[in-house]
Amino acid sequence: MMKNIVEQTELFIRKYGMIEKDDVVIAGVSGGADSVCLLFILCRLQERLGFQVKVCHVNHGLRGREADADEEYVRNLCASMNVPCRIFREDVELIAVKRKQSLEEAGRTVRRAAFGTMCREDGGTKIATAHHRDDNAETVLLNIARGTGLKGLCGIRPVQGRWIRPLLDSDREQIETFLKEQGLSWCTDVTNEEDDYTRNRIRHNILPVMKEQINAGVVRHLEELSIQAREVWDYLEHGVQAAWERCVYVREEQQEANEAGEKQGPAEIRINGNAFGQEASAVQKQLVKECIAAVRGGEKDIGAVHLKAVTDLFSRQCGKKLDLPGDIAAERTYDGVVIRKNREVKRAATGDVREVRLNIPGETLLPDGIHRVRCRFADISEKDRAKEIPQKSYTKLIDYDIIKYGLSVRTRQSGDYLAVDERGSRQKLKSWFINEKIPRELRDKIFLVADGHHIVWIPGWRMSRACQISNRTKRILEIIITEDKKDVRNDQSAGSGRES
């Protein structure tokens, strides 16, 4: 069995060009059967294929002594095999609370960060994970249930950028048989036996029933379906790229890079109606999605309902508008549809107040022409200053690691909320205004520093608890609001530095 699965994996690696000579492969090893098998096979193949293996292990801090035991097992295993290993210890539960993520999502985030660190600092060129055929089957079923469409049927790709899955052509039974025949042990994560996670419910309750009562080869058939879906999806993507050349005009706008150092999307994209009408329906919808994602900077929250709404807009009267996720708007024009960042004016009693994205780091002039917002990254040694700054001031130090979408200054919107305690409990901004007895006539005038609908700071009033500096903070952002050019409105209240 050892020879079969090793040779099978080698052929799979060669088929997809996963590993090249002189690659440094960062293997994710949790200590479970799948990752232990991955490590042993990569070690058997590294001399033959001319690459180097290094191990990344993340202790999520969720299972106490069991997690520590897994960490020690991986450390000893790597030492016995003479494989370089780095251990990352993270408090995933705390990270999930701070970032408003599920434990699964937070876990994925810290694992990706750990892999990225090793690629930067340890010369990694490829990242190998131990996903196998059963994982792919579970993913396809999960995506079907979630309604992710054709793209979801593609399942787990063997290669995606620098990410590779060498075991994707093997199943769980093959892997465990190989380990037993070689006398190799592995760790068992008890949480994998529980049904708290959706994937586990599919693994324990749905796939076994499908195998026993419908078709014993269901895992293989789901793999074949995912391969066919990937072929169709790749063909569709090619068609969309060609349609983009025929239909789309991009108006670039000189913009600052965002806080991650990435160039922001174009200010506006126009889709020619006549050319768009000549495309197949599947190409039309995907082209619309690509256009929205390009302007917004990502595909988050873009669903089938939004794609249909924009597609239908081509048959509506000129001037018809609709709002899209991420503060994006689409409008019917004489020659088609334009998709742009939503610059709609929010009316306030004092005049027009637009949403303005903050330059980080840098200075941003607000639309009233009076106020400026200065942002800079403070040294971690300045974290104690956060306690000294009065609550009702116009200077704040925030934990920048929790920011998800980017910071902007605006007036209130429906759905806005504050985090009011360390557990991440939320309070609607409207309720906070009422509880604090903020006069109704002032509520639409107050400037807010927002991250999506999360209100990070109400200048002169209070800051979100989620943004407070803690021992886990790695990046501190200082925000100062000034008025009348250089008249800094700083620390004007004698209030406590603690947030209520």
Side-chain angles (χ1 to χ4, degrees), residues 15-18 136-137 139-165 168 221-252 262-316 320 322 324-326 328-341:
K15 176 181 178 180
Y16 287 97
M18 293 184 183
N136 185 56
T139 298
V140 172
L141 290 176
L142 183 60
N143 288 343
I144 291 173
R146 287 175 171 171
T148 55
L150 178 61
K151 189 174 183 179
L153 293 182
C154 296
I156 303 171
R157 287 183 176 269
V159 177
Q160 200 161 18
R162 63 185 178 183
W163 294 78
I164 60 174
R165 285 94 183 190
L168 206 56
H221 295 321
L222 286 170
E223 178 191 29
E224 293 168 351
L225 173 63
S226 68
I227 292 172
Q228 293 172 13
R230 287 199 293 269
E231 292 171 347
V232 173
W233 181 259
D234 291 343
Y235 180 78
L236 175 60
E237 290 266 271
H238 180 77
V240 171
Q241 291 174 10
W244 182 285
E245 298 296 325
R246 292 189 289 266
C247 304
V248 175
Y249 169 75
V250 179
R251 181 173 72 82
E252 297 288 354
E262 301 166 335
K263 184 179 178 182
Q264 296 184 43
E268 179 180 290
I269 285 181
R270 293 181 175 271
I271 308 175
N272 182 274
N274 290 332
F276 184 80
Q278 302 301 311
E279 303 294 339
S281 175
V283 172
Q284 289 179 342
K285 291 176 182 177
Q286 189 58 27
L287 179 63
V288 166
K289 187 172 185 178
E290 294 282 346
C291 290
I292 298 172
V295 174
R296 183 181 178 184
E299 296 184 0
K300 183 176 175 60
D301 297 330
I302 302 173
V305 62
H306 305 116
L307 305 185
K308 184 178 186 303
V310 176
T311 303
D312 291 346
L313 201 57
F314 283 89
S315 60
R316 305 293 292 275
K320 186 69 177 178
L322 60 90
L324 299 167
I328 302 299
E331 180 180 355
R332 179 70 165 97
T333 62
Y334 287 108
D335 59 355
V337 166
V338 60
I339 299 172
R340 59 167 67 96
K341 292 178 172 64

**Q** What is the minimum heavy-atom distance between G152 and N143, and which atoms define it?
**A** O-ND2, 2.9 Å

**Q** How far does CG of L153 sit from OG1 of T148, to the nearest 0.5 angstrom?
**A** 6.5 Å

**Q** If you draw a 6.0 Å radius around NZ in K285, do more than 12 non-hydrogen atoms from other residues or ligands fall strictly inside?
**A** no

**Q** Whether the side chain of R165 engages the backbone of P158 through a donor-acceptor N/O pair (distance < 3.5 Å, no angle test) should be reported.
**A** no

**Q** Which residue pairs satisfy the side chain to side chain donor-acceptor pair (under 3.5 Å) criterion with at least one member in residues 226-237, sequence neighbours excluded?
**A** N136-S226, R157-D234

**Q** First locate atom CZ of R246, then atom CD of E279, and finally report the distance between them rounded to the nearest 0.5 Å.
**A**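 The CD atom of E279 is 4.5 Å from CZ of R246, to the nearest 0.5 Å.
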
**Q** With side chain to side chain contact (heavy atoms under 4.5 Å, CB included) as the criterion, how do Y16 and I164 come out once you've worked through the C-alpha distance, each side chain's angles and the decisive distance to 0.1 Å?
**A** CA-CA 9 Å; Y16 287 97; I164 60 174; over 6 Å; no

**Q** Using 0.5 Å steps for rounding, measure from the CD1 atom of I339 to the CD1 atom of I269.
**A** 6.5 Å

**Q** Is there side-chain contact between I156 and W163, with heavy atoms separated by less than 4.5 Å?
**A**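 The answer is no; the side chains never approach within 4.5 Å.
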
**Q** How far apart are the closest heavy atoms of G277 and Q284, and which atoms are they?
**A**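 It is CA-NE2, 3.8 Å.
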
**Q** Hey, does I302 have a side-chain heavy atom less than 4.5 Å from the side chain of L307?
**A**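 Yes - at least one pair of side-chain heavy atoms lies under 4.5 Å apart.
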
**Q** Would you give the length of the straight line joining atom CG of L322 to atom CG of D312, rounded to the nearest 0.5 angstrom?
**A** 9.5 Å

**Q** With rounding to the nearest 0.5 angstrom, report the NZ to CD distance, K151 to E299.
**A**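 Rounded to the nearest 0.5 Å, the NZ-CD separation comes out at 4.5 Å.
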
**Q** Using the test side-chain hydrogen bond (donor to acceptor under 3.5 Å, both in side chains), find all partners of E331 that sit at least two apart in sequence or belong to another chain.
**A** R340

**Q** Looking at residues at least two apart in the chain, or sitting in another chain, which of them share a side-chain contact (heavy atoms from CB on, under 4.5 Å) with H238?
**A** none

**Q** How far apart are the closest heavy atoms of L287 and C247, and which atoms are they?
**A** CD2-CB, 4.1 Å

**Q** Starting at SG of C291, measure out to CD of Q286 and round the result to the nearest 0.5 Å.
**A** 10.0 Å

**Q** Shortest non-hydrogen contact from V310 to A330?
**A** CG2-CB, 4.3 Å

**Q** Would a 4.5 Å heavy-atom cut-off, applied to side chains only, mark K341 and V295 as touching?
**A**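 Yes, close enough: below the 4.5 Å cut-off.
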
